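Below is one structure, written out as structure tokens; comments come after it.
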Amino acid sequence: SQQGEEDPQALSIQEGENATMNCSYKTSINNLQWYRQNSGRGLVHLILIRSNEREKHSGRLRVTLDTSKKSSSLLITASRAADTASYFCATDARFGNEKLTFGTGTRLTIIP
Amino acid sequence: DGGITQSPKYLFRKEGQNVTLSCEQNLNHDAMYWYRQDPGQGLRLIYYSQIVNDFQKGDIAEGYSVSREKKESFPLTVTSAQKNPTAFYLCASSRGSGTGVGNQPQHFGDGTRLSIL
């Protein structure tokens with residue numbers, strides 16, 4: 001079953017604008033991770049945020065986590081054409097069986 | 001360079017045939033995973049292994065089999081019992097075993113695309 005659901009399913013923005021993607025999940029988690037997937041390639045890990053953290057930054061990426069709302073957001077600032085990809089959240093359920101559960105992804109297109 | 005190598009990149013299966021997808025890693029990771037990705041979908045876990053000679057079923061293990069005889073290798077066999085095998089298969093690895101694999105980033109190969117002839 002899919003633990004995470006990304007929103008929106010698809011997003012198109014102009015280069016230079018900021019992109020925000022959201023992830024909602026159903027059960028309590030230990031950690032939440034974000035990954036990027038370029039077309040036809042494997043996933044690349046972007047950032048991991050623990051359940052006791054509220055915000056984390058990595059370069060142009062900013063991730064927030066609201067455990068009370070069971071949601072996370074990924075913000076990409078000053079978008080570039082190379083950011084065009086699908087973005088997935090993955091959760092590690094607190095009472096799960098030691099595996100990650102991936103959401104369905106947001107397809108981001110940056111228009112030059 | 002350390003990483004995960006999946007082969008072949010494309011694979012075609014005839015009806016009634018078993019096929020094996022290769023996954024090799026030189027990251028010295030304990031845990032390895034196989035995922036299936038269907039068009040426009042997220043990843044679904046097929047099997048995972050946290051240590052050599054041990055593996056567990058994921059969410060969609062029926063019609064698949066794996067082995068973990070070496071730390072570096074985690075091959076996936078798609079058997080004839082898997083009636084809808086057409087998909088993109090991704091192998092991943094991570095550090096850690098036992099509790100806590102979920103707090104480790106997973107490193108992915110570039111996938112094998114399997115189709116039916």
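For the numbers below, each heavy atom of this structure counts, side chains included, while hydrogens, waters and symmetry mates do not. Quick note on labels: first sequence line is chain A, next is B, and so on, each numbered from 1. Owing to the predicted nature of the structure, the values given are computational and were not obtained by experimental measurement.
For the 3.5 Å distance criterion, the side chains of A/Gln33 and B/Gln106 fail to qualify, holding no donor opposite an acceptor.
Among all heavy-atom pairs drawn from B/Gln37 and A/Phe88, the shortest one is NE2-CZ, 3.6 Å. When all heavy atoms of A/Tyr35 and B/Gln104 are compared, the pair lying nearest together is OH-O, 4.5 Å.
Under the 4.5 Å side-chain heavy-atom criterion for Ile, Leu, Val, Met, Phe, Trp and Tyr, B/Tyr64 and A/Phe102 are members of distinct hydrophobic clusters. Transitive grouping of hydrophobic side chains (ILVMFWY, heavy atoms separated by less than 4.5 Å) brings B/Val19 and B/Trp34 into a common cluster. Cluster membership for A/Tyr87 and A/Leu61, using ILVMFWY side-chain heavy atoms within less than 4.5 angstrom, is shared. In the hydrophobic clustering of this structure, A/Tyr25 groups with A/Met21; members are Ile, Leu, Val, Met, Phe, Trp, Tyr whose side-chain heavy atoms approach within less than 4.5 Å, directly or through other members. Residues B/Tyr33 and B/Ile60 do not share a hydrophobic cluster, clusters being chains of Ile/Leu/Val/Met/Phe/Trp/Tyr side chains in contact below 4.5 Å.
A 6.0 Å sphere centred on CZ of A/Arg60 holds more than 12 heavy atoms belonging to other residues, nucleotides or ligands. In B/Glu15, the CD atom is not crowded: 12 or fewer heavy atoms of neighbouring residues, nucleotides or ligands sit closer than 6.0 Å.
Of residues 107-117 of chain B, those residues with a non-hydrogen atom less than 4.5 Å from any non-hydrogen atom of chain A are, in numerical order, B/Phe108, B/Gly109, B/Asp110, B/Arg113.
Using a 4.5 Å heavy-atom threshold, the side chains of B/Leu90 and A/Gln37 count as touching. Two residues are said to be in side-chain contact when any heavy atoms from C-beta on lie closer than 4.5 Å; A/Leu43 and B/Leu43 meet this criterion.
Of the two parts of A/Arg107, neither the backbone nor the side chain holds a non-hydrogen atom closer than 4.5 Å to a non-hydrogen atom of chain B.
The distance from the OH atom of B/Tyr35 to the CG atom of A/Leu100 is 5.0 Å, given to the nearest 0.5 Å. B/Asp59 CG to A/Thr101 OG1: the interatomic distance, rounded to the nearest 0.5 Å, is 6.5 Å.
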Atom pairs and distances, side-chain donor-acceptor, residues 6-14 of chain A, under 3.5 Å, sequence neighbours left out:
| from | atom 1 | to | atom 2 | distance (Å) |
| --- | --- | --- | --- | --- |
| A/Glu6 | OE1 | A/Thr104 | N | 2.8 |
| A/Glu6 | OE1 | A/Gly105 | N | 2.8 |
| A/Glu6 | OE2 | A/Cys89 | N | 2.5 |

